[in-house]
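Below you'll find the structure, written out as C-alpha cells, and then a few comments.
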Amino acid sequence: MGDDVVVSLDLSNYELLWPAPLFVSEGERVLRSAGSWQDRAIWLMTEALSGTTAVADFEDLPNHTAPTADPWATTATGWGTKRAVMDQHDWFTELINRGSELRHAAAPRPYWPQRRGNGLAHDGSTARDTRRDFARLIGEFADNGYLVEMFGEECVDDPNDLPDASEAIDRRLGIPHLWPLAPETWDEDTFYGLIEVFHDLVSRPRMRRFHNWNMCGWHHSEFHNGPARVLYRWKVNQLLREAGIEYELAAEGEDLGRLVAVTDDARSQLVHRALNDSPPDTVAGVRHAIALYRGRDTSAESKRSAIFNLARILEERRALIKEHLGKDEGALFEIANRFDLRHRKADQRGDYDEAFLDWGPSPVMVDTRL
C-alpha cells in the first residue's frame, strides 16, 4: 500500500479576464462569506475567468460542508498510492491564493479577413471602431448585472416600471436620449462623457440567482461599486490604449474616474506617491494641483496654476526642505520664482518651451511629502 500524495492545483487551463489583484480580493471576500459561498464562488469564476473550465472543475469536487461528506476522502491510483481528493473549499482557496500566477486571456491571433483585408468593414467603417467597442463593453457590464442597482431589473413577478435609464444619464451628462446606446450618433464629447458617467453608474453584484418561473432569468443582488469601478477602469483604459487614445480614467485623486492625459511611467509613479504620501494638511492642495495638471482639458495656464499651488505648499516648508536638500533648496525656489510661473513679473524668464510645464510640478510633488 503506497503513501498518500497531495495534489496541487493545475492552473494551466484557466485564464483571467480581470486584473489579478481584483480577482484575489473578491475571492478572499467569498471565502469569508457565510451561507451559500459556493454560489458566490461560481459567479466570480464565471465573470473573472475565461470559459467554463474552472467552474466545471469546481463543481466536480466534493463539498465537504455537506452532512454526509467524508473529509478524509481519497481515491486509488494505478500505482499503488492513494491520492487525496481536494474539496471545493480547499480548491477555491488555493485558486485564490495563487491568483497572481494565472495568465491573462490573450486576444486570438488575426484571422484571414484581418490578415488579408484592408481593415474596413462592408459599410466602410474601421474594423475596430472604439465607440462601438465601448458600447459592446457596456453591454457586457449590463448583461452581468452591473447596471441593475441604478437601472433596475425586469421580473415577471414585479410589474412595476423600471427607472428611466436615459433620464438617469441625462441628469448627469445633460444630454437626452442616450439609452439605449447608439455609438454611431456620438460626437467626441458625448463619447468621453459617457465613459466617465458609466464609471459612476456601475456596481458589481456579488450574488445572482436564476428565476425559473416563466424563464424569467438571472436576478442580481449584493451590489458594491468599489470592485466594479476597478474593473471598469481596467477594461476601459485597455480599450483606449489599444485604440491609441492618449487618455485614461484616473484611479485615484480628486479626478478619480475622470479622463486624464496619459503620462509616462515615471510621472505616473510620482503622482501616485504624491497622492498617497502627502501629509494630511497638504493632501487637499496636492490633489487639486494634480487634477489641474493632468486634466483632459488642461492648458498652459492650468499647469501654471498647478505649479503655483504646489510651490505655495513648499514655501510653508522651506526650512524643512533646506534641512533635507541643503544648498539645492535655493535652486528649487529659483525655478518657482525666477521663471514666468508664479509672480508673472517683468523681470521673470518666460522664454521657455511649454513642454517644461509638464515636468514643472514633478520635483515639487516629491518634496511636498516632506
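Because only heavy atoms are used, hydrogens play no part in the values below, and waters and symmetry mates are left out as well, while side chains stay in.
For the pair L249 and N237, the minimum side-chain heavy-atom distance is below 4.5 Å. Counting heavy atoms from C-beta outward, M215 and F210 have side chains that approach closer than 4.5 Å. With a 4.5 Å cut-off on side-chain heavy atoms, R206 and P227 count as touching. Looking at P183 and W186, their side chains come closer than 4.5 Å, going by heavy atoms from C-beta outward. Contact annotation: the side chain of D87 never approaches that of N63 to less than 4.5 Å [non-hydrogen atoms, C-beta and beyond].
In this structure, the salt bridge (charged side-chain N to carboxylate O under 4.0 Å, His left out) partners of E222, at least two apart in sequence or on a different chain, are R40. Under the ring pair (Phe, Tyr, Trp, His ring centres under 6.0 Å) criterion, H224 pairs with no residue at all, not counting sequence neighbours. For H104, the ring pair (Phe, Tyr, Trp, His ring centres under 6.0 Å) partners at least two apart in sequence or on another chain are W234. Partners of R233 under the salt bridge (charged side-chain N to carboxylate O under 4.0 Å, His left out) rule, at least two apart in sequence or in another chain, do not exist in this structure. Here D255 pairs with R294 under the side-chain hydrogen bond (donor to acceptor under 3.5 Å, both in side chains) rule; sequence neighbours left out. With sequence neighbours excluded, no residue satisfies salt bridge (charged side-chain N to carboxylate O under 4.0 Å, His left out) with R32.
Aromatic ring centres of F141 and Y232 lie closer together than 6.0 Å. Here the two rings, on W18 and F23, have centers that are 6.0 Å apart or farther.
Using cut-offs of 30° and 60° on the angle between ring planes, the pair Y192 and Y247 is perpendicular. Classification of the F191-F134 ring pair by plane angle, with boundaries at 30° and 60°, yields perpendicular. Note: H211 and H219 have tilted aromatic rings, judged against thresholds of 30 and 60 degrees for the angle between ring planes.
No option in L173, V236, L259 other than L259 meets the side chain to side chain contact (heavy atoms under 4.5 Å, CB included) test with E196.
In terms of heavy-atom proximity, G99 sits nearest to V24 at CA-CG2, 4.0 Å. Heavy-atom minimum distance, N225 versus S203: N-OG, 3.4 Å. Between K235 and L17, the shortest heavy-atom contact is NZ-O, 3.6 Å. Minimum heavy-atom separation, A54 to W91: O-CH2, 3.5 Å. Closest heavy-atom contact between P205 and E47: O-OE1, 4.5 Å. Of all non-hydrogen atoms in G145 and F223, the two that sit nearest each other are O-CE2, 3.5 Å.
Taking SG of C216 as the reference point, atom CD of E154 lies at 8.5 Å (rounded to 0.5 Å). A distance of 11.5 Å separates NE2 of H177 from CD1 of I175, quoted to the nearest 0.5 Å. In this structure, R131 CZ and L181 CG are separated by 13.5 Å, a value rounded to the nearest 0.5 Å. Taking CH2 of W179 as the reference point, atom OG of S166 lies at 10.0 Å (rounded to 0.5 Å). Here the OG-CZ distance, from S36 to R209, works out to 12.0 Å after rounding to the nearest 0.5 Å. With values rounded to the nearest 0.5 angstrom, L102 atom CG is found 11.0 Å from N13 atom CG.
Between D164 and R171 there is no salt bridge, since none of the side-chain N atoms of the basic residue sits less than 4.0 Å from a carboxylate O of the acidic one. One finds no salt bridge joining E140 and R136 here, because no Lys/Arg side-chain nitrogen approaches an Asp/Glu carboxylate oxygen to under 4.0 Å.
L194 and I245 end up in the same hydrophobic cluster when Ile, Leu, Val, Met, Phe, Trp and Tyr side chains are linked at under 4.5 Å. Taken together through direct or relayed side-chain contacts under 4.5 Å among Ile, Leu, Val, Met, Phe, Trp and Tyr, I195 and V197 form part of one hydrophobic cluster. Both L31 and L22 belong to a common hydrophobic cluster when Ile, Leu, Val, Met, Phe, Trp and Tyr are linked at side-chain heavy-atom distances under 4.5 angstrom. Using a 4.5 Å cut-off between side-chain heavy atoms of Ile, Leu, Val, Met, Phe, Trp and Tyr, with links allowed through other members, F198 and V148 fall into different hydrophobic clusters. Taken together through direct or relayed side-chain contacts under 4.5 Å among Ile, Leu, Val, Met, Phe, Trp and Tyr, L9 and L16 form part of one hydrophobic cluster.
At most 12 heavy atoms of other shown residues, nucleotides or ligands fall within 6.0 angstrom of atom CZ in R29. Heavy atoms from other residues, nucleotides or ligands lying under 6.0 Å from CD of E246 number 12 at most. For CG of N214, the number of neighbouring non-hydrogen atoms (other residues, nucleotides, ligands) closer than 6.0 Å is greater than 12.
For R208 and W218, the positive end sits near the middle of the six-membered ring, less than 6.0 Å away and at most 45° from its axis.
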For this session: With side chain to side chain contact (heavy atoms under 4.5 Å, CB included) as the test, would you mind laying out the steps for H220 and E153 before giving the verdict?
Result: CA-CA 8 Å; H220 302 84; E153 191 168 45; 2.7 Å; yes

Exercise. Given R204 and E26, is the salt bridge (charged side-chain N to carboxylate O under 4.0 Å, His left out) satisfied, shown in steps?
Worked result: CA-CA 10 Å; R204 180 175 185 258; E26 287 295 280; 2.8 Å; yes

For this session: Test side chain to side chain contact (heavy atoms under 4.5 Å, CB included) on Q38 and F58 and set out the steps.
Result: CA-CA 9 Å; Q38 289 95 337; F58 177 81; 3.9 Å; yes

For this session: Apply side chain to side chain contact (heavy atoms under 4.5 Å, CB included) to L11 and L95, showing your working.
Result: CA-CA 8 Å; L11 302 180; L95 177 69; 4.0 Å; yes

Problem set entry | Verdict with reasoning, D200 to R229, per side chain to side chain contact (heavy atoms under 4.5 Å, CB included) | CA-CA 7 Å; D200 293 350; R229 290 173 180 176; 4.3 Å; yes

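With hydrogens and angles left out, the side-chain atoms of D187 and T190 include a donor and acceptor closer than 3.5 Å. Side-chain atoms of E101 and Y14 include no donor-acceptor pair closer than 3.5 Å. S12 and D10 share a donor-acceptor pair across their side chains, judged by distance under 3.5 Å alone.
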